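Here the structure comes first, spelled out in structure tokens, and everything after it is commentary.
Note that the structure is a prediction, hence the values are computed from the model and not measured. For the numbers below, each heavy atom of this structure counts, side chains included, while hydrogens, waters and symmetry mates do not.
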Amino acid sequence: MASPATAAVENLPQVLLLLHPAAFTIFGEEHFTSPKFRFLKAYESSLPLDEFLAANARSVRALLVSAATVVGAGILDLLPELRVIVTTSAGLDQLDLAECRRRGIRIASAGDIYSADVADCAVGLLIDVLRKISASNRYVKNGFWATKGDYPLGSKQLRGKRIGIVGLGRIGLQVAKRLQQGFGCTVSYNSRKKKNPDQVPYPFYQDVRELAANSDALILCCGLTEQTRHAVDKEVLAALGKAGVIVNVARGAVVDEKEMVRCLVEGEIAGAGLDVFEDEPVVPKELMELDNVVLSPHSAVLTRESMMELARLVVGNLEAFFSNEPLLSEYEDD
């Protein structure tokens, strides 16, 4: 016979986990627990997923996912009572939003938690590429300074550069403010729609190619959708030109990665700072050999402070749902 404490836990509402969330590994599962719910972990079962869900999860009303957990109609069919999806990511490209909307499933994202950290990373990557900081570091550590002499010149200072931002949402706006106010850069942007010019004074380009043609650096901050997939293609990279730099803190598939690699290898663009890739964690080997490319392992969001805020937000959203209160960071279609 189960103890009263065990029975009490078993009677808590369940939050389904299809895959082990990266945030649990990075920060610790204990930060995401609550006395108001318990986790049902499909990834710990030896059963095929469809059999596990049929046996255990047909009454589950809440699902916790990360960016790696793809949720489409097939999964939703197996969860007829699902009413909320809470995600540890700011992006929602892993979710079939139209299908969730049709079924009345609410979504809570990471909201604005990561914006400042990602904006800092974007600016850092840009400075690193232009001033060759990582490449210079390798040069010194390999002992080449003493044997080969001074390192080749980097680019002129960031001040005054023309910056094109693709995706002027929470992150894009913070990148724009840092570069304009801190470095005197000229900012322009492309987005799904033009912002109110009284609130966002930067020039708007409806066409990404035209934005690239009028930029020294292109910084990608947009979400991944069917419209933005490979938005930075051969024509856009050609418009950016031999002196142009690309920084990607969005999603790898926003860029035609094979074409970007070719342009970098053949000198058709000047450099790249990349936090994301099309087939993570696989990175094209050609990029490893280029000193004008700075690579980061999709870690722009990974700071202790952000993880602490994320844990509070995830728990807060789930507790609010089970208490029939408003979600803390509900996604609303715009």
Side-chain angles (χ1 to χ4, degrees), residues 1-97 99-100 103 105-111 113-114 280-281 298-299 301-302 304 306-324 327-331:
M1 181 175 180
S3 68
T6 300
V9 170
E10 290 179 349
N11 288 330
L12 289 174
Q14 298 180 118
V15 176
L16 176 64
L17 298 172
L18 298 174
L19 300 176
H20 189 277
F24 283 18
T25 302
I26 294 165
F27 195 51
E29 179 180 335
E30 66 275 11
H31 296 287
F32 295 86
T33 59
S34 165
K36 296 186 179 180
F37 57 80
R38 64 187 177 96
F39 292 126
L40 176 64
K41 301 174 181 178
Y43 56 85
E44 291 185 348
S45 172
S46 60
L47 292 174
L49 181 60
D50 57 343
E51 293 182 22
F52 176 85
L53 296 182
N56 298 280
R58 295 188 66 83
S59 63
V60 165
R61 296 190 298 136
L63 173 64
L64 175 60
V65 304
S66 64
T69 310
V70 178
V71 180
I75 292 294
L76 297 176
D77 284 342
L78 298 172
L79 299 170
E81 299 303 315
L82 187 66
R83 293 295 175 265
V84 69
I85 299 175
V86 177
T87 176
T88 60
S89 64
L92 301 174
D93 52 278
Q94 77 276 35
L95 307 179
D96 187 333
L97 297 178
E99 194 64 27
C100 289
R103 297 170 188 246
I105 298 170
R106 299 157 68 192
I107 296 170
S109 74
I113 281 177
Y114 302 131
E280 296 176 1
H298 203 151
S299 60
V301 305
L302 300 182
R304 175 163 292 277
S306 285
M307 288 296 103
M308 290 177 65
E309 287 187 56
L310 175 66
R312 286 193 290 265
L313 183 65
V314 165
V315 172
N317 272 314
L318 290 168
E319 289 184 344
F321 169 74
F322 290 122
S323 300
N324 294 315
L327 299 178
L328 304 183
S329 58
E330 184 163 6
Y331 169 76

Could you check whether the rings of H20 and F24 sit parallel, tilted or perpendicular, using 30° and 60° as the cut-offs? perpendicular
If you compare all heavy atoms of T87 against all heavy atoms of Q94, which two are closest, and at what distance to 0.1 Å? OG1-NE2, 3.2 Å
Taking atom CD1 of I85 and atom OH of Y331, what is their separation to the nearest 0.5 Å? 12.5 Å
Could you measure the distance from the CD1 atom of I26 to the OG atom of S299? Nearest 0.5 Å is fine. 9.5 Å
Please round to the nearest 0.5 Å and tell me the distance separating atom NZ of K36 and atom CG of L318. 11.5 Å
From the options T33, L12, V15, select the one residue that forms a side-chain contact (heavy atoms from CB on, under 4.5 Å) with R38. L12
Expected list for residues 58-78: side-chain donor-acceptor pairs under 3.5 angstrom, two or more places apart:
from: S66; atom 1: OG; to: A68; atom 2: N; distance (Å): 3.4
from: D77; atom 1: OD1; to: R103; atom 2: NH1; distance (Å): 3.2
from: D77; atom 1: OD1; to: R103; atom 2: NH2; distance (Å): 2.6

For the pair S323 (side chain) and E319 (backbone), establish whether a donor and an acceptor sit closer than 3.5 Å, ignoring hydrogens and angles. yes
Looking at every non-hydrogen atom in both residues, tell me the closest pair between G28 and F32 and how far apart they are. O-CD1, 3.4 Å
Measuring from I113:CD1 to L313:CG, what's the distance to the nearest 0.5 Å? 4.5 Å
Answer yes or no: is there a donor N or O on one side and an acceptor on the other, between the side chain of S329 and the main chain of S109, under 3.5 Å? yes
Main-chain N/O of A108 paired to N317 side chain as donor or acceptor, under 3.5 Å: no
Residues 39-50, side-chain donor-acceptor partners within the protein, below 3.5 Å, at least two apart:
from: K41; atom 1: NZ; to: E29; atom 2: OE1; distance (Å): 3.0
from: K41; atom 1: NZ; to: E29; atom 2: OE2; distance (Å): 2.8
from: S45; atom 1: OG; to: L47; atom 2: N; distance (Å): 3.0

